[in-house]
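This report concerns only the one structure given below.
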Amino acid sequence: MTLTPKDVAAFVANAHAAIHEEEQHLNAADANVGDGDTGSMLRRVVDAMAKIDTAGAASLADAAMGLAQAAMKETGSSLGTLVATAAMTLAKAAKSADGDIGAGDMGRVVAEMRDAVAARGKAAPGDKTVIDSLDAIAAALDEGPANRATAARAAADALDAFRDKPCRIGRARMFPERSTGADDPGMLAIARVLNHATVTQ
Amino acid sequence: MTLTPKDVAAFVANAHAAIHEEEQHLNAADANVGDGDTGSMLRRVVDAMAKIDTAGAASLADAAMGLAQAAMKETGSSLGTLVATAAMTLAKAAKSADGDIGAGDMGRVVAEMRDAVAARGKAAPGDKTVIDSLDAIAAALDEGPANRATAARAAADALDAFRDKPCRIGRARMFPERSTGADDPGMLAIARVLNHATVTQ
Amino acid sequence: MKKLLNDPANYVAELLEGLVSAHPELSLGGESGRCVSRTDPAADGKVGIATGGGSGHLPLFTGYVGDGLLDSCAIGNIFEGPSVQASLDAIRAANRGAGVLCLYGNYGGDRMNFDMAGEMAHMDDITTRTVLGTDDVASAAPEEAEKRRGVAGIVLLYKVAGAAAAEGRDLDAVAAVTEKAAAATRSIGVALSPCRVPTAQAPNFEIADTEMEMGMGIHGEPGIWRAELQSADAVADEMLDRLLAELDPPKSSRVVPLVNGLGATPLEELFILWRRIGARLCDAGLKPVSPLIGNFVTSMEMSGASLSLMVLDEELESLMSAPARCPFWRVGL
Amino acid sequence: MKKLLNDPANYVAELLEGLVSAHPELSLGGESGRCVSRTDPAADGKVGIATGGGSGHLPLFTGYVGDGLLDSCAIGNIFEGPSVQASLDAIRAANRGAGVLCLYGNYGGDRMNFDMAGEMAHMDDITTRTVLGTDDVASAAPEEAEKRRGVAGIVLLYKVAGAAAAEGRDLDAVAAVTEKAAAATRSIGVALSPCRVPTAQAPNFEIADTEMEMGMGIHGEPGIWRAELQSADAVADEMLDRLLAELDPPKSSRVVPLVNGLGATPLEELFILWRRIGARLCDAGLKPVSPLIGNFVTSMEMSGASLSLMVLDEELESLMSAPARCPFWRVGL
Ligand SMILES: Nc1ncnc2c1ncn2[C@@H]1O[C@H](COP(=O)(O)OP(=O)(O)O)[C@@H](O)[C@H]1O
Ligand SMILES: Nc1ncnc2c1ncn2[C@@H]1O[C@H](COP(=O)(O)OP(=O)(O)O)[C@@H](O)[C@H]1O
Ligand SMILES: [Mg+2]
Ligand SMILES: [Mg+2]
Ligand SMILES: [Mg+2]
Ligand SMILES: [Mg+2]
């Protein structure tokens with residue numbers, strides 16, 4: 001089974017529904033040590049992604065690139081740009097595989113996303129950011145079964161595993177006592193979106 | 001009995017004591033429709049007047065002129081400048097009478113002060129300002145006996161007579177309903193200073 | 001309304017020290033120690049332009065001392081007119097032998113003190129003339145226009161007077177064209193929140209968290225109405241409508257707009273106001289010329305804005321565009 | 001923290017419309033519609049200087065586009081970095097064939113976006129270099145100086161970079177001297193009260209009525225200590241001491257001081273701060289050159305101030321004093 005533009009569009013539709021439900025919850029998580037905008041920013045980004053015709057894209061690469069561009073136009077926030085970076089990574093992977101990306105490739109693709117996000121954001125695994133979610137998801141998908149439920153479980157596990165660690169990046173690093181014991185808003189967003197996708201699948 | 005620089009100095013000393021007692025009371029009266037500074041401004045002006053050597057002045061005119069200058073240097077407020085104007089009127093009267101101003105001249109001198117203050121402030125008798133106090137004092141001194149008690153009584157009577165009239169000058173004219181029934185802070189200041197002078201005489 | 005200050009009693013003296021230290025082109029002096037004038041005075045024979053007013057309105061008043069603008073400024077305490085001595089110092093400092101125009105806002109204390117200083121200056125053989133800023137349409141009805149207070153429009157009058165004097169006109173001519181400019185200028189302000197005078201414990205007025213007051217003056221003098229905060233466009237419309245109703249400029253007139261911040265209102269919001277005002281002026285067939293958007297006349301940390309308009313004729317336009325330079329404003333230099 | 005605005009979602013778009021309407025020397029464009037550049041672009045062959053950042057800091061960032069300063073600016077939402085598209089637009093607009101220096105504050109989102117835009121620009125054969133403003137000593141220890149955020153000191157870097165590019169230096173040389181300027185520049189801020197982002201219901205931080213916070217950033221990022229409000233002189237002393245401890249300028253160095261208001265602090269109080277800072281600099285045997293006192297980098301209606309110092313050498317001094325002109329600042333013109 002090869003990933004199609006329609007699959008990507010379905011994923012975006014799910015994310016759209018999830019983020020609309022979780023917007024305030026994610027804002028509240030960010031307000032703990034950040035500026036309280038993670039939910040609203042992601043909502044704007046996913047709204048913009050949902051507006052373009054992803055299902056009708058000529059190729060998987062075009063579908064993913066369209067999403068990256070929509071994200072990049074909508075926001076200048078860190079996480080928004082990292083979302084765009086991840087989408088662009090998928091586009092690149094699709095291009096070099098000539099569109100032939102299957103479920104079995106997803107572990108590798110998510111690992112590439114993790115590395116691209118780390119390079120863009122100059123953060124590392126262990127810093128308690130979306131990088132750690134991507135890292136856990138990549139490993140779980142490699143082990144299999146390579147499906148959304150596996151990804152969702154890995155994201156949830158990563159959230160639990162990092163909750164009691166301090167954040168080591170950006171503004172939050174200055175308040176280890178406040179980030180320890182609280183969810184990182186970016187990691188939380190990934191977990192909520194994937195959980196929603198699984199539940200409604 | 002001719003007015004001497006010492007008499008003027010004694011008057012200033014009395015005013016100084018009176019204003020220090022009444023500062024907040026006068027501020028409160030001004031806060032009703034004005035900017036609430038009558039008491040503090042007069043305190044600063046009278047402090048400045050009390051600092052110079054009025055008793056040691058070479059002549060009555062010099063004594064009065066010194067006070068006028070002290071007031072003019074200290075403040076740019078309306079009432080401060082009117083105090084200076086009144087002092088300057090005394091200086092001019094003393095100069096043209098070659099220093100020979102007696103109690104019997106005071107009605108005329110206060111009437112001149114009233115006219116100078118009205119010319120300077122572009123206000124008229126009846127507007128509910130210090131002009132009305134000076135007007136009442138001038139008339140009472142003319143009737144006699146020409147002493148401080150007479151002046152004090154006239155100032156107190158003027159205050160009573162105008163309390164229930166609206167103020168017709170400056171910012172206060174815009175709120176006739178708020179100035180009616182309340183004392184004009186400038187008129188109140190004159191009444192309190194003269195009353196203090198009488199009591200402690 | 002917290003303040004960065006030392007002893008409140010020294011607020012004015014200290015800010016003036018800082019001002020002249022940062023701007024060596026300005027000097028502080030006079031017998032009062034409360035007169036700011038040009039460090040390099042204008043040439044002999046130029047008509048002097050002196051102003052004055054209370055502190056707490058920077059860049060007004062003293063920030064407009066400079067080439068092609070003011071020669072001197074008498075400085076009062078916060079929101080209190082300058083003393084007679086300071087006013088006299090300013091007249092003397094401005095005098096280059098051709099007389100001095102005293103150009104300031106129409107407030108009781110200021111007027112008395114400048115009048116008194118003018119009489120004293122006459123004893124020194126200095127001729128003075130007076131033009132008052134009376135641009136605030138909210139402060140009295142049109143029939144009592146001479147009772148109106150002066151607000152931000154005075155900055156435009158400084159420009160006209162300064163340029164006319166720099167051109168070499170005589171005192172009567174400078175006064176006359178400044179009167180003409182005053183007659184062509186109107187302002188109105190809107191206040192959202194108060195300020196606190198350094199020596200006071202409380203704000204200078206009270207206003208609910210959801211309210212605004214249209215027409216309030218720069219010391220918190222009451223305005224025309226107080227109601228729920230409205231949109232920027234609605235505020236812009238009302239300010240503009242009120243000014244145009246009074247000025248009634250001939251179709252296709254050229255006008256100078258000044259959108260002024262009162263202190264705490266972000267520049268961003270002044271541009272949002274201007275966006276609407278500029279569009280509305282064009283819709284009305286008027287031509288905005290060199291719009292001024294910024295904090296020109298403030299009231300400490302008060303939030304709100306004012307709009308001023310000057311309707312130009314050829315003479316006023318040429319004076320408005322003549323080169324000028326002071327610490328807080330430059331034209332064509 | 002009441003605001004003069006229409007729909008909060010249109011705040012940035014409307015303020016930009018107003019800005020370019022008031023300042024015809026600035027144009028708004030790019031594929032993002034969020035790029036301000038010079039209406040008359042610089043001559044071919046000049047190194048371009050592009051900047052960018054969130055809105056809510058006017059005159060920063062876009063107000064410094066002009067002759068001898070910036071060529072373009074990418075504009076983000078309030079307190080949010082510019083998008084990649086806007087950053088790319090700014091790089092393209094600044095490019096006159098000699099490469100573009102991307103000069104902006106060290107914030108995560110801004111850096112990622114400019115980096116990504118720079119990679120895209122390379123595909124258009126535009127060479128870019130990056131220099132980051134990292135002047136805020138309160139945001140990280142000296143050992144982690146590269147993590148420090150950029151605040152008001154960036155304005156001084158704009159001046160140096162713009163002058164070096166105007167002189168005709170090449171991209172490497174412009175980047176090198178701007179790096180040198182950045183290494184010679186430090187800032188620290190003090191906050192007295194918060195601001196409110198238009199789309200938010202609440203202020204961006206809370207602080208008691210009697211408190212201040214030393215070292216707070218321009219988005220309300222936490223500082224070094226929070227305590228009872230102190231006197232202006234005590235605040236000035238602490239800010240200056242912290243900067244001098246880091247910069248450790250050689251005796252009799254010449255320094256450019258920038259006393260910056262964060263929005264709602266009256267100019268009067270900036271001059272009161274400067275009075276002390278200027279005196280202290282002289283006591284320390286240093287020579288302040290052309291002090292800048294005013295609102296150069298704001299945080300909407302936040303109250304407070306910042307102090308920046310740049311230690312000059314001959315090269316920096318000549319670049320700082322070269323002529324320059326933009327809507328909100330002029331040097332020697
Ligand atoms: N440099 C980075 N590297 C990896 N992830 C990051 C980085 N910066 C931010 N994030 C992620 O983004 C989330 C914050 O997103 P958001 O609130 O939108 O950003 P902003 O800080 O611009 O307001 C964090 O919880 C973290 O997971
Ligand atoms: N134009 C005027 N003519 C006569 N008296 C005046 C005039 N203006 C003010 N006063 C007097 O001064 C008093 C107000 O004084 P004060 O509060 O010091 O002045 P300001 O209005 O400058 O704050 C008034 O109560 C009134 O008696
Ligand atoms: Mg955030
Ligand atoms: Mg953010
Ligand atoms: Mg008063
Ligand atoms: Mg007063």
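Note on naming: letters A, B, ... go to the chains in the order of the sequence lines (proteins, then strands), and numbering restarts at 1 for each one. This structure is a prediction, so every number in the text was calculated from the model and none was measured.
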- Query: For P266(D), which of M302(C), E301(C), H57(C) qualifies under side-chain contact (heavy atoms from CB on, under 4.5 Å)?
  - Reply: E301(C)
- Note on the structure: When the 4.5 angstrom heavy-atom criterion is applied to L273(D) and chain C, the contacting part is side chain
- What are the two closest heavy atoms between A264(C) and A264(D), and how far apart are they? CB-CB, 3.6 Å
- Of L270(C), V190(C), L267(C), T265(C), the largest count of non-hydrogen pairs under 4.5 angstrom with chain D goes to L267(C)
- Message: If I compare all heavy atoms of W274(D) with all of G18(C), which pair ends up nearest, and what's the gap?
- Response: CD1-O, 3.3 Å
- Item | Test item: R276(C) and E14(D) side chains (from C-beta on) under 4.5 Å apart, heavy atoms | no
- Query: Which bit of L229(D) is near chain C, if near means a heavy-atom gap under 4.5 Å: side chain, backbone, both or neither?
  - Reply: side chain
- Item | Toward chain C, the part of F328(D) with a non-hydrogen atom under 4.5 Å | side chain
- Looking at side-chain heavy atoms only, is the closest gap between F271(C) and L16(D) below 4.5 Å? no
- Query: Based on non-hydrogen pairs under 4.5 Å, which of L15(C), D7(C), I293(C) is most in contact with chain D?
  - Reply: L15(C)
- Note on the structure: Per-residue tally against chain D (heavy atom, under 4.5 Å) across A279(C), S55(C), G56(C) peaks at G56(C)
- Message: Between P327(D) and chain C, with a heavy-atom cut-off of 4.5 Å, which part of the residue counts as in contact: side chain, backbone, both or neither?
- Response: neither
- Task: Answer with side chain, backbone, both or neither: which region of H23(D) has an atom nearer than 4.5 Å to a non-hydrogen atom of chain C?
- Result: side chain
- Message: Testing L4(D), L5(D), N6(D) one by one against D233(C) for a side-chain contact (heavy atoms from CB on, under 4.5 Å), which residue passes?
- Response: N6(D)
- Query: Quick one: does M212(C)'s side chain get under 4.5 Å of K2(D)'s, heavy atoms only?
  - Reply: no
